**Student:** 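Okay, here's the structure, questions in a sec.
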Amino acid sequence: MQGNNEPKSFYESGGPHKGILSWIFTTDHKRIGLLYLASLFIFFIVGAAFGLLMRLELIAPGKTIVTASTYNSFFTLHGVIMIFLFIIPGIPVSLGNFFLPLQIGARDVAFPRINLLSWWLYMTGGILALMSLFTGDGPPDTGWTFYAPYSIRTGTNVSLAVFAAFILGFSSILTGLNFVTTVHRLRAPGMSWFRMPLFVWSLYATAWVQVLATPILGITLLLIIIERFFGVGFFDPSKGGDPLLYQHLFWIYSHPAVYIMIVPAMGVVTEIIPVFARRTIFGYKAIAFSSIGIAAVGFFVWGHHMFTSGISDTSKAIFSLLTFLVAIPSGIKVFNWVASLYKGSIKVDTPLLFVISFVFLFCIGGLTGLINGTLATNIHIHGTHFIVAHFHYVMFGGTAFAFFAGLHYWFPKIFGRMYSEARAKFAWFFLFIGFNILYFPMFILGWQGMPRRYYDYLPMFHELNLISTIGSWILAAGLILMFINLVRSIKKGERAESNPWKGTTLEWTVPSPPPVENFEEIPVVTQGPYKYE
Amino acid sequence: MEQRQTGHAAVNYKTYILIWTALLALTAVTIAVTQFHMGGAGILIALLIASVKAALILYFFMHLRYEGRFFKLAFLLPIIVFIFFIGFTFLDVFYR
Amino acid sequence: MEETLYKSSETYRDYTGSKMGMWLFLFTEMLLFGGLFLLYAVYRFKHPVEFHAAAKGLDTTIGAVNTLILLTSSLTMALSISALQKGNKRLSLVLQFLTILLGAAFLGNKYMEWGAKIHHGVYPGSEHLLIKGKGEILFYGLYFVMTGIHGLHVLIGIGVLLFMLIFTIRGTIDFENFVKLENSGLYWHFVDIVWVFLFPLFYLIT
Amino acid sequence: MISGNSTETVNNVFLFILVIAIVLLISITFTMIYFVVKYNRKNNPAPENIESNLMLEITWIVVPTILVLAMFYYGWSGFRFMRTAPENAMTVKATGRMWSWQFEYENGRKDAELRVPLGKPVKLLITSADVIHGLYIPAFRIKEDAVPGMQTFLWFLPDRAGEYDLFCSEYCGTQHSSMVSKVIVIPQKDFDSWYTAVAVKKGSAHPQGVKLLEEKGCLDCHTTDGAIGVGPSFKGLFGRRVIVIAGGKEREVFADEAYLKKSILHPGADIVNGFTDIMPPQSDNMSEEEISEIINYLKELK
Ligand code: HEA
Ligand code: HEA
Ligand code: CUA
Ligand SMILES: [Cu+2]
């Protein structure tokens, strides 16, 4: 219901190209955000399908549906897709791309064409990763960690998968440098650092991690490829190499990467709470600095993935100590979120429902992270399903739940329509219940000693695995319901007004969906982001 | 107007040639120094000189000298991060 | 520099922004090489004597000449920007061309050096190398990988500079709009800096 | 004398953190739900803006800091206990290879299972012959990776008799999940008689071959009784016609000495029809004599 004098939405004016070309060659950050959203969704489904297949295999001991080597390539591809194609790009490239410029009052990101390039690289990487399934001598079977020397010796198609991850790293770097520059250069007049929405702060912190950590992954993966083709011997003990150095290099990137995943999610949560509590956020600066704090400390704890690998005991002690320090800024955030509900005027719509479950699930994941980080206990649970449970709680229960929260929250702005509230809540219920039935038993399994990446297991682990597999179906039902509701509402939902939730950040001041240029007139900002006076 | 946006005026040729001469001289010094066999100290001196050379290139050729605060400070980030990477890795390698 | 820009995306030219993007990219390059330097540091720490012995197999003169070439190319690169800023397009073109030539000379030299090594059977995985000590295998592994990736960067730099040359001839790059050239210069100097460290680490270990 | 064992140590640390975690989780969740209900829009239409509260914020920085430092300390001291092997420990060399374990005792006796005397501390010196493995004994809460080219260690006090599972905890290829073995804790007396007895398989003219098959882990995948395991059975193999796939083409070969030798050294060259190329090549792993011992024994298995 757009008035005559309202500018056309970005759906209607696609630049010089027509049809699909107006999407895949667009430089509009909103269109790129949606491109990413669609691609993320597709890869997520592929990854999830592997997840369901793995659960099916693990429904009973012994061979159920696939052979050992197929199972091994399942969790490898599952891990690679979920990590590199879904959760690392995840929130920044979709919601971030769409809302970062809108929230800081800019017309676009700093480098629109590089933004597009990064999507192309992402697609290239994604397609190569999927191709590694069907080409070469069998799908890669190393796990997403590509540990040397196995990854150098195995005859499967590791090189292509690694190369795909390398390209994806490049794409991630480009997004990172784009966002850092955007935040520095394109804030609207009056938008000082401490007037930025906290989602922007979280993206900013994440972007720095992307810039500073990802190149290490790049070189590490490149070395795997070089090793496979030329046999230089950097990680091969018979040539003097040290396999543990591979692990150092890998985790130097991959630990900070887990904060690339969670920090934007925390940003989304911080954005949603004040809106549905109709009050200002508690402890704005503490939250902003804790994002930076998590990002910074996160660089120096990578060794906690290597407590049983044979590194020196001195370094274990120091890495363990530093690991605990990360818990403190995470805790600050959790407490601030809870405090922001105090004396609010709260309405539990779907976004807030997801946020509340986020806090609960993330706390479980985070607090069990402390058990991982403690030296004595890590020895027992490393490499077991306890770890698998931990990281699904933080990645799925944390990041993905926050992602879903953000999708619902910003849905009316992106598509100009409302989703069905009742259906959304119904889907949430299955998701939440299914999630816990699926992953909680893994904590117990892990504590009982069931190692991860096991195609087959002892009969004593059967019952819990069975429960877990049943949970995966409930979860799948929830996800399907949620996606159907959202997809249906894109066309059929009620028209949304420009500010359905009464939000106070800048994206709610423009029409839904926003016009190409975002703002007719660049706004002048005179106060902080969450003012409900 | 354009000058304000690019941040600095053209650096004159002389400065560059001077820096270049210094760089060549430093290279000569490194080679000379490392001809004496000094073991650990040799590598330290060589790296120190290399750092000075890198600083000259950064500061003049790469115009860091003429850039704003962001560039100067941000530049320290990757360096600090890298030093920590090496340091923490050596906590393992050294004590293993 | 903290004044922020808010003009329409199609009309503004944010020089500082472009350079910021380039610097951030260089940070990632620094850390990419950083990973290799980390490997170097560890393996050198583990095999100091063998590294020393192996380094004798590299010709300091070739290394020194290449250092000279790259440093000079950095000079011509920097000069070409000043020349353009001062409106002397011809001089700038000549200097850009010289930079490319020097880059090519560096690669030529590198090619001969590698060729000689490979000819003598010293390359990753070669039988000749594998019978040597572990430190030596690693030293030459690092040598080939690090100078190889560095050489790749020089090659990319030459490619980029060729484009800049064309842009300058066409006038897309001129005395008021030269941020592309400046950014290419940043890249070129960065590659030079990497060599400044590679040279002593491989050719001058005593 | 040592006091305590790794099982208790780890359990205690775990319990300590678990209790703190559960208390935190419940109080956070409860407070959150309480707020959501109490300050529901219906009950509380007019929100109150509270931007910060310094005391509160300091509290929730300081208290968690103290808690995590306590966790760290507790975990670290437990860990130190687990890393200090008693002087009198019996040492056993453990070698991981795809996909079996080999335990070598001080007197040279080798076995694929870990047999230890009750009540005596055991120190395992761990390494790997190929890729990284992880030696994991859940019952004793201990684990350490087996890294090629490096020696790592573990120790534990087997203070309960019985059989306990031993897993490979670091992914090492196709049969990672079947790289399982046992820790058998038996009274000193029984252990001694086992330890000194020489392993002789009765009824074989080539006991050495049997021993090798066990030690090298061949029997993890192959059987000697005709049953098909991960690989084809050895029974009646010698002199049989075998369909193999080489370079994508099927071929029939006669299983003579040369073929067996090739199959052991380079199993990837001829893949037996119906199986996959997962057998680890033994080229770096076996001497000529060992191979001929094995083949001699295989000939016997009619
Ligand atoms: C989104 C991703 C994500 C996040 C956010 C985290 C967060 C944390 N992780 Fe996790 N982790 C992974 C993803 C993630 N992790 C993955 C993918 C792996 C496995 C990789 C693989 O091997 O395949 C892994 C593995 C892993 C290990 C290695 C286990 C092993 O293999 O042996 C460890 C060990 O220390 C660890 C620790 C932690 C800690 C301490 C945190 C902390 O940041 C958590 C902080 C949060 C809280 C503590 C909760 C909230 C705070 C409070 C309620 C305040 C009160 C708290 C206190 C008093 C302390 N993680
Ligand atoms: C974001 C990250 C992420 C996510 C979301 C998931 C999701 C799931 N994962 Fe996870 N997983 C990892 C990251 C993730 N995983 C990683 C990094 C590893 C380690 C890999 C390694 O060891 O190397 C791992 C390992 C791992 C294992 C351990 C394997 C092993 O060690 O042996 C298991 C086992 O159960 C598992 C199961 C699942 C399941 C059942 C889901 C499910 O939750 C998936 C649920 C989703 C669905 C069910 C989709 C439903 C939707 C549809 C079907 C589409 C409908 C379509 C329309 C309506 C249009 N995963
Ligand atoms: Cu051996 Cu896993
Ligand atoms: Cu981690």
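Values below: all heavy atoms of this structure, side chains included; hydrogens, waters and symmetry mates excluded. Since we're looking at a predicted model, the values are computed, not measured. Every chain is numbered from 1, with letters handed out A, B, ... down the list of sequences.
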**Student:** Please determine whether the number of non-hydrogen atoms from other residues, nucleotides or ligands lying under 6.0 Å from atom CZ of C:Phe97 exceeds 12.
**Tutor:**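 Count not over threshold, so no.
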
**Student:** Please flag which part of C:Leu31 lies under 4.5 Å from any non-hydrogen atom of chain B: side chain, backbone, both or neither.
**Tutor:**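 Side chain only.
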
**Student:** Given B:Glu67 and C:Thr16, is the side-chain contact (heavy atoms from CB on, under 4.5 Å) satisfied, shown in steps?
**Tutor:** CA-CA 9 Å; B:Glu67 301 288 5; C:Thr16 310; 5.8 Å; no

**Student:** Return yes when atom CH2 of C:Trp195 has more than 12 non-hydrogen atoms of other residues, nucleotides or ligands closer than 6.0 Å, and no otherwise.
**Tutor:**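 For C:Trp195, atom CH2 is crowded (more than 12 foreign heavy atoms under 6.0 Å).
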
**Student:** Tell me, for B:Ala74 versus chain C, whether the close heavy atoms (under 4.5 Å) come from the side chain, the backbone, both or neither.
**Tutor:**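 Both backbone and side chain of B:Ala74 come within 4.5 Å of chain C.
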
**Student:** Given a strict heavy-atom distance threshold of 4.5 Å, which part of C:Leu91 is in contact with chain B: side chain, backbone, both, or neither?
**Tutor:**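 The side chain, not the backbone.
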
**Student:** Determine, for B:Tyr13 and C:Lys86, whether the Lys NZ or Arg CZ falls below 6.0 Å from the six-membered ring centre while staying within 45 degrees of the axis.
**Tutor:**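 So C:Lys86 does make the cation-pi contact.
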
**Student:** In terms of heavy-atom pairs under 4.5 Å with chain C, which of B:Thr15, B:Thr30, B:Ile31, B:Ile79 leads?
**Tutor:**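 Among the listed options, the one with the most contacts to chain C is B:Ile31.
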
**Student:** Any chance you could measure C:Leu38, atom CG, to B:Phe88, atom CZ, to the nearest 0.5 Å?
**Tutor:**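 That separation rounds to 13.0 Å.
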
**Student:** Looking at every non-hydrogen atom in both residues, tell me the closest pair between B:Tyr16 and C:Ser82 and how far apart they are.
**Tutor:**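 For B:Tyr16 versus C:Ser82, the nearest heavy atoms are CE1-OG, 3.3 Å.
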
**Student:** So which part of B:Leu77 gets closer than 4.5 Å to some heavy atom of chain C, the side chain, the backbone, both or neither?
**Tutor:**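 Answer is neither: B:Leu77 stays 4.5 Å or more from chain C.
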
**Student:** Shorter than 4.5 Å, heavy atoms on both sides: which option in B:Ile57, B:Leu26, B:Ile19, B:Ile49 has the most such pairs with chain C?
**Tutor:**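 When all of B:Ile57, B:Leu26, B:Ile19, B:Ile49 are compared, B:Ile57 has the most.
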
**Student:** Using the side-chain contact (heavy atoms from CB on, under 4.5 Å) definition, which of the options C:Leu68, C:Leu75, C:Thr67 pairs with B:Leu24?
**Tutor:**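 Running side-chain contact (heavy atoms from CB on, under 4.5 Å) over C:Leu68, C:Leu75, C:Thr67 with B:Leu24 returns exactly one hit, C:Leu68.
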
**Student:** Decide yes or no for B:Ile43 and C:Leu204: does some side-chain heavy atom of the first lie under 4.5 Å from some side-chain heavy atom of the second?
**Tutor:**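 The answer is no, as the side chains (C-beta and beyond) never meet within the 4.5 Å cut-off.
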
**Student:** What are the two closest non-hydrogen atoms of C:Leu186 and B:Met62, and how far apart are they?
**Tutor:**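 That would be O-CE, 3.4 Å.
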
**Student:** Heavy-atom cut-off 4.5 Å, strictly under: side chain, backbone, both or neither for C:Leu84 against chain B?
**Tutor:**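 Neither part, no heavy atoms under 4.5 Å.
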
**Student:** How long is the span from the CZ atom in C:Phe45 to the OG1 atom in B:Thr89, to the nearest 0.5 Å?
**Tutor:**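 Separation between the atoms: 12.5 Å.
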
**Student:** Specify the closest pair of heavy atoms between B:Phe82 and C:Gly34, including all atoms of both residues, with the distance to one decimal.
**Tutor:**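 Result for this residue pair: CE1-O, 3.1 Å.
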
**Student:** Under a 4.5 Å heavy-atom cut-off, does chain B meet the side chain of C:Thr72, its backbone, both or neither?
**Tutor:**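 Both backbone and side chain of C:Thr72 come within 4.5 Å of chain B.
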
**Student:** Would you check, one step at a time, whether the test side-chain contact (heavy atoms from CB on, under 4.5 Å) holds for B:Leu58 with C:Phe190?
**Tutor:** CA-CA 8 Å; B:Leu58 277 165; C:Phe190 167 76; over 6 Å; no

**Student:** C:Phe199 vs B:Thr27, test: side-chain contact (heavy atoms from CB on, under 4.5 Å). Steps then yes/no.
**Tutor:** CA-CA 10 Å; C:Phe199 172 59; B:Thr27 311; 4.1 Å; yes

**Student:** Would you call the rings of B:Phe75 and C:Trp23 parallel, tilted or perpendicular, where under 30° means parallel and over 60° means perpendicular?
**Tutor:**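 Geometry flag for C:Trp23 against B:Phe75: perpendicular rings.
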
**Student:** CG of B:Leu23 to CG of C:Leu70: how many Å apart, nearest 0.5 Å?
**Tutor:**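 Spacing of CG (B:Leu23) from CG (C:Leu70) equals 11.5 Å.
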
**Student:** Could you check whether any side-chain heavy atom of C:Glu182 comes within less than 4.5 Å of a side-chain heavy atom of B:His63, counting everything from C-beta outward?
**Tutor:**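 Yes. Closest side-chain heavy atoms under 4.5 Å.
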
**Student:** Below 4.5 Å from any heavy atom of chain B, which atoms of C:Val196 appear? Answer side chain, backbone, both or neither.
**Tutor:**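 It is both, since atoms from each part get that close.
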
**Student:** Using the rule given for side-chain contact (heavy atoms from CB on, under 4.5 Å), can you reason through B:Val81 versus C:Phe27, listing the C-alpha separation, both sets of side-chain angles and the distance that settles it, and then say yes or no?
**Tutor:** CA-CA 11 Å; B:Val81 167; C:Phe27 294 171; over 6 Å; no

**Student:** Quick check: do C:Met20 and B:Phe70 have side-chain heavy atoms less than 4.5 Å from each other?
**Tutor:**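 They are in contact (side-chain heavy atoms under 4.5 Å apart), so the answer is yes.
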
